[in-house]
Amino acid sequence: QVQLVESGGESVQAGGSLRLSCAASGNANRALYMGWFRQSPGKEREGVAGFYPSGVTYYADSVKGRFTVSQDGAKKTLYLQMNILKPEDTAMYYCAADFRYSGRWYDPSAFGFWGQGTQVTVSS
């Protein structure tokens, strides 16, 4: 079992920046395939960024060049640095993890562990 706790969500103006954090605990010493997802009211949960144990990263086209996913050296915390935020980035952001490789970093069904989410609101 892995527990994930997100933090860092706030209300910001368009063009601003935020850094989200996802602290992993429990059986988090094993290699984890991790990802950031977001969901807006009435929309499906979508993959934002993926982070594999090898350090390989993946991004949705909508956030490429603006968002950066990283992990601390102890591999206990996953970050999402979000720059040049847009109103369409407004959503609940979730951290997800799994021990298994799926090759589908963007697919919520590929992850078995989820955090409770942190709200990001970007105003124009």
Side-chain angles (χ1 to χ4, degrees):
Q1 287 290 329
V2 174
Q3 292 78 46
L4 303 171
V5 179
E6 304 96 331
S7 62
E10 291 183 12
S11 295
V12 296
Q13 290 193 329
S17 297
L18 282 176
R19 188 176 81 158
L20 305 184
S21 299
C22 170
S25 61
N27 196 9
N29 288 323
R30 294 175 57 185
L32 287 170
Y33 297 86
M34 302 188 75
W36 285 101
F37 290 79
R38 66 186 181 187
Q39 188 169 21
S40 303
K43 294 187 177 181
E44 293 187 354
R45 191 167 296 190
E46 64 172 349
V48 175
F51 189 96
Y52 281 6
S54 61
V56 174
T57 57
Y58 301 91
Y59 297 95
D61 287 345
S62 59
V63 305
K64 279 181 183 177
R66 300 189 297 123
F67 290 11
T68 303
V69 61
S70 62
Q71 192 176 51
D72 70 354
K75 300 184 178 181
K76 294 289 189 179
T77 302
L78 189 72
Y79 301 100
L80 185 67
Q81 178 67 42
M82 305 187 295
N83 299 326
I84 318 176
L85 283 161
K86 304 176 180 180
E88 51 263 44
D89 294 319
T90 295
M92 184 71 79
Y93 282 71
Y94 298 91
C95 176
D98 206 283
F99 297 121
R100 302 163 299 177
Y101 169 77
S102 71
R104 306 188 313 276
W105 67 267
Y106 49 86
D107 183 353
S109 70
F111 295 87
F113 304 110
W114 291 85
Q116 82 290 346
T118 186
Q119 178 68 39
V120 172
T121 302
V122 184
S123 59
S124 57

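Small disclaimer: the values here were computed from a predicted structure and weren't measured.
A cation-pi arrangement is absent between Arg45 and Phe37 under the rule of less than 6.0 angstrom and at most 45 degrees off the ring axis.
In the hydrophobic clustering of this structure, Leu18 groups with Val48; members are Ile, Leu, Val, Met, Phe, Trp, Tyr whose side-chain heavy atoms approach within less than 4.5 Å, directly or through other members. Both Tyr93 and Phe51 are assigned to one and the same hydrophobic cluster, defined by single-linkage of ILVMFWY side chains at heavy-atom distances under 4.5 Å.
With rounding to the nearest 0.5 Å, the separation of NZ in Lys76 from OG in Ser21 is 15.5 Å. Expressed to the nearest 0.5 Å, how far CG of Leu80 lies from OG of Ser70 amounts to 8.5 Å. To the nearest 0.5 Å, atoms CE (Met92) and OG1 (Thr121) are separated by 8.5 Å.
Each of Asn83, Ile84, Val12 was compared with Ser17 under the side-chain contact (heavy atoms from CB on, under 4.5 Å) criterion, and only Asn83 meets it. Put simply, the residue from Phe67, Tyr106, Tyr52 that forms a ring pair (Phe, Tyr, Trp, His ring centres under 6.0 Å) with Tyr58 is Tyr52.
The closest side-chain heavy-atom distance from Val63 to Met82 is not below 4.5 Å. In this structure, the side chains of Cys95 and Trp36 come closer than 4.5 Å at one or more pairs of heavy atoms. At a threshold of 4.5 Å between non-hydrogen side-chain atoms, the residues Gln119 and Thr90 count as touching. Put simply, the side chain of Glu44 does not reach to within 4.5 Å of the side chain of Glu46, judged on heavy atoms. Side chains of Arg38 and Val120 form no contact here, defined as non-hydrogen atoms less than 4.5 Å apart. Proximity of Tyr79 to Leu20: side-chain heavy atoms (C-beta onward) are nowhere separated by under 4.5 Å.
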Under the side-chain contact (heavy atoms from CB on, under 4.5 Å) rule, what do Tyr94 and Leu4 come out as? Steps first, then yes or no, please. CA-CA 9 Å; Tyr94 298 91; Leu4 303 171; over 6 Å; no
Dump the intermediate steps for side-chain contact (heavy atoms from CB on, under 4.5 Å) on Val69 and Met34, then the final yes or no. CA-CA 10 Å; Val69 61; Met34 302 188 75; over 6 Å; no
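The salt bridge (Lys or Arg N to Asp or Glu O under 4.0 Å) test applied to Glu10 returns no partner, not counting sequence neighbours.
A pairwise comparison of heavy atoms in Lys43 and Gln39 identifies O-NE2, 3.1 Å as the closest pair. Shown here for Gly112 and Asp98, the closest heavy-atom pair between the two residues is N-OD2, 2.7 Å. A pairwise comparison of heavy atoms in Ala60 and Gly47 identifies CB-O, 3.5 Å as the closest pair. Residues Ser62 and Arg66 come closest through the heavy atom pair O-NH2, 2.9 Å. Summarising the geometry of Ala97 relative to Leu32, their closest heavy-atom pair is CB-CD2, 4.2 Å, with the distance given to 0.1 Å. Annotation for Gly8 and Thr118: closest pair N-OG1, 4.0 Å, computed over non-hydrogen atoms.
Taking a cutoff of 4.0 Å between a charged side-chain nitrogen and a carboxylate oxygen, Asp61 and Lys64 qualify as a salt bridge.
Listed for the Gln116 side chain is a donor-acceptor partner under 3.5 Å among the backbone atoms of Glu6. Side chain of Thr57 to backbone of Ala49: no donor-acceptor contact under 3.5 angstrom is found.
Between Tyr33 and Tyr101, the gap from one ring centroid to the other is short of 6.0 Å.
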